J.: 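What follows is a single structure, and I will ask about it in a moment.
Given the structure is predicted, the values throughout are model-derived calculations rather than measurements. Within every chain, numbering begins at 1; the chains are lettered A, B, ... in the order of the sequence lines, protein sequences first and strands thereafter.
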Amino acid sequence: MARYNPKEIEPKWRQRWDDEKAFLTSADRARPKYYVLEMFPYPSGRIHLGHVRNYAMGDVIARFKRARGFNVLHPMGWDAFGLPAENAAMQTGSHPRDWTYANIEAMRRELKQIGLAIDWSREFATCDVGYYRWQQKLFLDFWQAGLVERRESYVNWDPVDRTVLANEQVIDGKGWRSGATVERKKLSQWFLKITDKAEDLLAALDDGRLKGWPDNVRLMQRNWIGKSKGAVVRFRFADGTSARANSPSPHPEEQKAPSPFETLRPQGEGAFCVSKDAPDGFRDVEIYTTRPDTLFGASFIAVAPDHPLAQGFAKTDAKAAAFIAECQKTGTSQEAIDKAEKKGFRLPLNAEHPFIDGRALPVYIANFILMGYGTGAIFGCPAHDARDLDFARKYGLAVIPVVLPPGEDAASFAIGDEPYLGPGTLYNSEFLDGLSVDDAIDAAVRKIESMGAGRAATQFRLRDWGVSRQRYWGCPIPAIHCEKCGVVPVPEKDLPIILPEVPASAFRTPGNPLDRMPEWRNVPCPECRGHAERETDTFDTFVDSSWYFARFAAAREDRPLDRADADYWLPVDQYIGGVEHAILHLLYARFFIRGMKDTGHLSVEEPFANLFTQGMVTHATYRDDEGQWLLPEDVIVEAGKATRADTGEAVTIGPIEKMSKSKKNVVSPDEIVSKYGADAIRWFILSDSPPERDVEWTDAGCNGAWKLVARIWETVEPAKGALMKAHDLSRAPADADIELRRATHGAIAAVTEDIENFRFNKAIARIYEFLTAIRKAAGVSSLSLQGASPQEPRSLNRPPHPDPLPPKTGGEGEGTWALPEALSALVRLIAPFTPHLAEECWETLGGEGLVCNAPWPEADPALLQKETLILPVQVNGKRRGEISVAASAETRAIESAALSEAGVKRHIEGLTVRKIVVVPGRIVNIVAS
RNA sequence: GCGGGCGUGGCGGAACCGGUAGACGCAACGGACUUAAAAUCCGUUGAGGGCAACCUCGUGCGGGUUCAAGUCCCGCCGCCCGCACCA
């Protein structure tokens, strides 16, 4: 028998699939649709094993759903704009476009080797004009719908490269490439108003619209959106407080003395007190709080260094300015924030407590207040907030508990080193006394509102999405800046705004080449025809990936989407990708779909009905004595010791980590394909670990997968033509046939369920078991395999089955001879995992057509039920034997069988049986003492 | 710090809703084939004891609930992930 040779067989079948257009999506709307999609790759140059795992999973689902009769859409494309192309241009002098398209060519070739059931006719790259022109159109629509805003915001600015950096690109305050100290710079930026959709983005996480998403991703999005409910409260500034400006505020009790601001209580609506000390125009400060119930515990007010009030003081007060500058120097890294001490700068200003006449609250600029959240100002309640407590202890401010924990005594309860954050009863709080925290929050808000001092408010952590990038290699933002008319949208008839040609050398100069192209940049204003300039920013590449899945489903040359097609295919039924996209990409796409719905492009509410986040591919790391990383292919590992392949020197084996170029623990899929074939890779990468967990790539493991491929071929090959032969129906089935049929239908049921539930590792384990069952049966089955193992399989020495099922008659080997049926099922069960091997086997067996078009095997329920059960019997919870009973046996019969079992008898001798627990179909437990 | 998750053989991992712990794979060991090796095939493999039938122990640690706990509850320990001064 010829050994299975994937090098010849695999390309042959890929050619057949191409020739027969096997995976072109049909327009057949009669069948239920199924859209399976893996996150599309960035064309970095090579396919890595992480891609292989991702696409292999999607491919299993796609092939499985096809076999089950779904109209499947399984497309592929390229997330092709982005920074690496410009870096490559800088380093190698090749144009970003050339570099990108060359990479796409190379990666497409590699991907095709994996044997994916993809409709390549729908392929596109986001840098194709045919794609990004419609993105420009969508942007204009969003603009018109009020979802676009242009405003100033702070960015990380690299003064050497003259570009904006993402937070991830700032390392220790320096630009990752230039090494220059990053500046905070205020720039006019384009924003998409994702916060307009915050409520709905949040609501959908919990109302069942995303029930097919993993809990952890939903949780991460919920935290990211970060909704909190509370109140905005206005604190008026008190007059005449500057005398004590720089001394810590005394304890409130000590402040009883004739209060200068007692008389300044508002006399009615509209009466304001104007502090002499506050900068012009500041009469009060609005704070945001989630705990209005603790207002009676307030002992200070603090504002962010960026707060207009602080900035106002800084203009005239050098010390204030110095303090603010100091705060801004503190890094934004987590470590810096952890270590940063709470610091405040006392402004010459007091605020009035809205509820307590005469309580003066000192006002500080504090380094721990963020301008970007709430109003950028807080009231401090040290007794019930950790940060406020730190601050109060440092500056000697009052700590007034107002929530009494259950079971504590009001007279003795005191705050120590920890604030009290839990539930309890309000006290020290006048009209709130005796209320629970929740009731007090409501009561306080009502009071504030009735006083006109504030209002209930909801806050989100989510910020609007800044989409401007000062980059060449991205989708141009279709806007024009006119001196007279301001910012004007590009008229739709002028789309697309095509990226202009630039020489590759342009990328050696820092900054955006588009800024240096007056011939492209200067245009007449679409409104006044006067002088105007194009926007030179391009879109964040996350915009490109926010709607590509819709374009796959419904591309048209003359519009972004065909609505009917989009509504048919969307949402994506199964989306698969890395958990690293749990927030940004998945949130942006959810927002984009909402915007597209608002602007009439489609009707769905959510882009991805089911989401699966797969684990990474890891590998051991290797270093030589000098600490240099070594590629796995340059290392020989034997008996746990590693040596260099070339010199034989010892190599240190490091921890198992995610494959990365920097640590060189990468294995090239290309090489493995040529060594073992695509099927073996696909099999191995899905076999060892559950899909959501990391999988360690090992050569031995892949070799094991290769052995399986060969073993399946050796099992199938001798049964050549088995699906075409007529069977002798007159012969009674052997017991082995019955057993094999049970194994077959058990395997069908189990594998089906496991694939359905994304448990590929278990499905594969079941296939191994099934294969073993076939190989054992093959030796004695009525249709015996030539060349199969000559030994008498041991499992067949079992006692005959008490009640064998009668053989069924009818089509395709079913019921007559167990082996052809088993082989037919086996080949179809492996087809999603090892599609090339399955085709070869299918053809050999004489199956009709291509196996990728064959229907999924159906399990016969009658064969899944057993007539005889083997029940373990426990005595006092310990297993002492097992009994064989008919499935229909009554409890009493089971009990007596259990009691007479030899091992059981031995263990209950001399004891009294107190109770017998019979769990039908499971176990018997005899309680004796 | 806050939120979430996870701890099972030498390794990756199975174990449905509380019901025979360790499926399946890898590695290791023994055997067959071979001049030999590779490949392949057969077998063994949680720990300890026993010639054996079998017995004892065993799912991070300590308690608890239950006829029965890897699974449920309480308290620890360890690891991983996400967020991070969000008022």
Side-chain angles (χ1 to χ4, degrees), chain A residues 3 215-224 226-228 230 287-291 294 302 304 330 332-334 336-338 340 342 366-370 372-381 384-388 390-391 421 459-462 579-580 582-583 639-640 656 683-684 687-690 693-696 698-705 707-708 710-711 714 753 759 761-772 775 789-791 793-794 870-882 902-903 906 914-928:
Chain A
R3 196 151 171 75
D215 289 343
N216 64 331
V217 174
R218 291 212 313 261
L219 182 74
M220 279 159 72
Q221 292 214 349
R222 194 175 304 130
N223 292 339
W224 187 263
K227 181 179 179 173
S228 74
I287 62 92
Y288 173 72
T289 179
T290 56
R291 294 292 303 273
T294 63
T330 318
T332 49
S333 72
Q334 290 126 359
I337 289 165
D338 274 346
K342 305 270 178 293
N367 64 347
F368 64 96
I369 311 300
L370 306 173
Y373 189 80
T375 61
I378 59 143
F379 84 84
C381 177
H384 304 294
D385 182 282
R387 293 153 304 173
D388 295 351
D390 282 354
F391 191 82
L421 306 174
Q459 280 295 323
F460 290 93
R461 209 185 77 103
L462 183 70
V579 74
E580 66 273 18
I583 295 173
I656 294 158
W683 183 265
F684 173 62
S687 67
D688 251 18
S689 295
R693 266 191 244 177
D694 292 351
V695 64
E696 187 195 350
T698 61
D699 222 43
C702 190
N703 192 50
K707 280 197 276 189
L708 173 98
R711 213 178 318 150
E714 282 162 16
E753 202 197 319
R759 293 191 294 239
N761 56 326
K762 285 177 64 186
I764 282 173
R766 292 305 300 245
I767 293 173
Y768 270 108
E769 282 180 300
F770 182 32
L771 180 64
T772 303
R775 286 167 71 89
S789 87
Q791 302 92 322
R794 298 174 97 211
I870 305 217
L871 291 184
V873 183
Q874 296 178 329
V875 176
N876 291 330
K878 284 189 177 155
R879 186 180 181 278
R880 296 303 180 189
E882 57 181 37
R906 208 167 45 239
R914 307 279 175 200
K915 188 175 172 185
I916 303 178
V917 182
V918 177
V919 184
R922 291 253 113 177
I923 203 165
V924 180
N925 191 10
I926 296 166
V927 186

J.: Could you tell me whether A:Lys342 sits above the aromatic face of A:Phe368, with NZ or CZ closer than 6.0 angstrom to the six-membered ring centre and within 45 degrees of the axis?
T.: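 Pair A:Lys342/A:Phe368 counts as cation-pi.
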J.: Taking any strand in view, what nucleotide pairs with B:A15 in a Watson-Crick or G-U wobble way, both distances under 3.5 Å?
T.: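 Result: none.
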J.: Can a side chain N or O of A:Arg461 be found less than 4.0 Å away from OP1 or OP2 on B:A87?
T.: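 No, A:Arg461 has no side-chain N/O under 4.0 Å of OP1/OP2 on B:A87.
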J.: What nucleotide among B:C85, B:C67, B:C83 has an atom nearest to a side-chain atom of A:Lys915?
T.: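 Nearest nucleotide to the side chain: B:C67.
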J.: Check whether any side-chain N or O of A:Lys762 sits under 4.0 Å from OP1 or OP2 of B:A15, and answer yes or no.
T.: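 Result: yes.
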J.: Could you tell me which nucleotide pairs with B:C72 by Watson-Crick or G-U wobble geometry, both distances under 3.5 Å, or answer none if nothing does?
T.: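 In the structure as shown, B:C72 has B:G64 as its Watson-Crick or wobble partner.
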J.: Could you state the CG-P distance from A:Asn216 to B:G4, rounded to the nearest angstrom?
T.: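 Result: 12 Å.
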J.: Expressed in whole Å, how much space separates the P atoms belonging to B:C11 and B:U56?
T.: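 One P to the other, the span is 27 Å.
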J.: How far, in whole Å, is B:G25 from B:G64 if one measures between their C1' atoms?
T.: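 It works out to 38 Å between them.
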J.: For B:C17, measure the glycosidic angle (O4'-C1'-N9-C4 for a purine, O4'-C1'-N1-C2 for a pyrimidine) and name it syn if it falls within 90° of 0, otherwise anti.
T.: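 With its glycosidic angle within 90° of zero, B:C17 counts as syn.
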J.: Between the side chain of A:Asn876 and the main-chain N/O of A:Ala928, is any donor-acceptor distance below 3.5 Å?
T.: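 Yes; at least one donor-acceptor contact below 3.5 Å.
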J.: With no hydrogens and no angle check, just 3.5 Å: does a side-chain donor-acceptor pair link A:Tyr768 and A:Ser687?
T.: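 On atom types as modelled, these side chains do not qualify, holding no pair under 3.5 Å.
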J.: Within less than 4.0 Å of OP1 or OP2 of B:A87, is there a side-chain N or O belonging to A:Tyr288?
T.: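 Result: no.
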J.: In whole angstrom, give the distance that lies between atom CZ of A:Arg879 and atom P of B:G19.
T.: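 Distance check: A:Arg879 CZ to B:G19 P gives 16 Å.
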J.: What integer distance in Å separates A:Gln874:CD from B:G18:C1'?
T.: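 Going from A:Gln874 (CD) to B:G18 (C1'), I get 12 Å.
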J.: Please give the distance between the P atoms of B:U59 and B:G10 as a whole number of Å.
T.: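 It works out to 13 Å between them.
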J.: Using whole Å, what does the distance between atom C1' of nucleotide B:A52 and atom CZ of A:Arg906 come to?
T.: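 Taking CZ of A:Arg906 and C1' of B:A52, I get 13 Å after rounding.
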J.: Indicate whether OP1 or OP2 belonging to B:C41 is found under 4.0 Å from a side-chain N or O atom of A:Arg711.
T.: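 Result: yes.
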J.: Write down the partner of B:A28 under the Watson-Crick or G-U wobble criteria, each distance required to be under 3.5 Å.
T.: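 Pair assignment: B:A28 / B:U44.
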J.: Write down the distance between CD1 (A:Ile369) and P (B:A87), rounded to a whole number of angstrom.
T.: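 Checked: the CD1 to P distance equals 11 Å.
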J.: Round to a whole Å and report the spacing from CG of A:Asp215 to C1' of B:G4.
T.: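 Value for this atom pair: 10 Å.
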J.: Ignoring backbone atoms, establish whether A:Lys707 has a side-chain N or O less than 4.0 Å from OP1 or OP2 of B:A38.
T.: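 The answer is no; no side-chain N or O of A:Lys707 sits under 4.0 Å from OP1 or OP2.
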J.: Working to the nearest 0.5 angstrom, can you tell me the gap between A:Ile369 CD1 and A:Ile287 CD1?
T.: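 Interatomic distance, A:Ile369 CD1 to A:Ile287 CD1, rounded to 0.5 Å: 10.5 Å.
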J.: Just do the side-chain contact (heavy atoms from CB on, under 4.5 Å) check on A:Glu696 and A:Asp688 with the steps written out, would you?
T.: CA-CA 8 Å; A:Glu696 187 195 350; A:Asp688 251 18; over 6 Å; no
J.: For A:Asn761 and B:A14, is the shortest distance between a side-chain N/O and OP1 or OP2 below 4.0 Å?
T.: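 True: A:Asn761 side-chain N/O within range (under 4.0 Å) of B:A14 OP1/OP2.
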J.: Map A:Ala765 and A:Ala377 onto RNA chain B by nearest heavy atom, then report which one ends up closer to the 5' terminus.
T.: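 The 5'-side residue here is A:Ala765.
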J.: Is A:Arg880 near enough to B:U56 that one of its side-chain N or O atoms lies under 4.0 angstrom from OP1 or OP2?
T.: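 For B:U56, OP1/OP2 do have a side-chain N/O of A:Arg880 under 4.0 Å.
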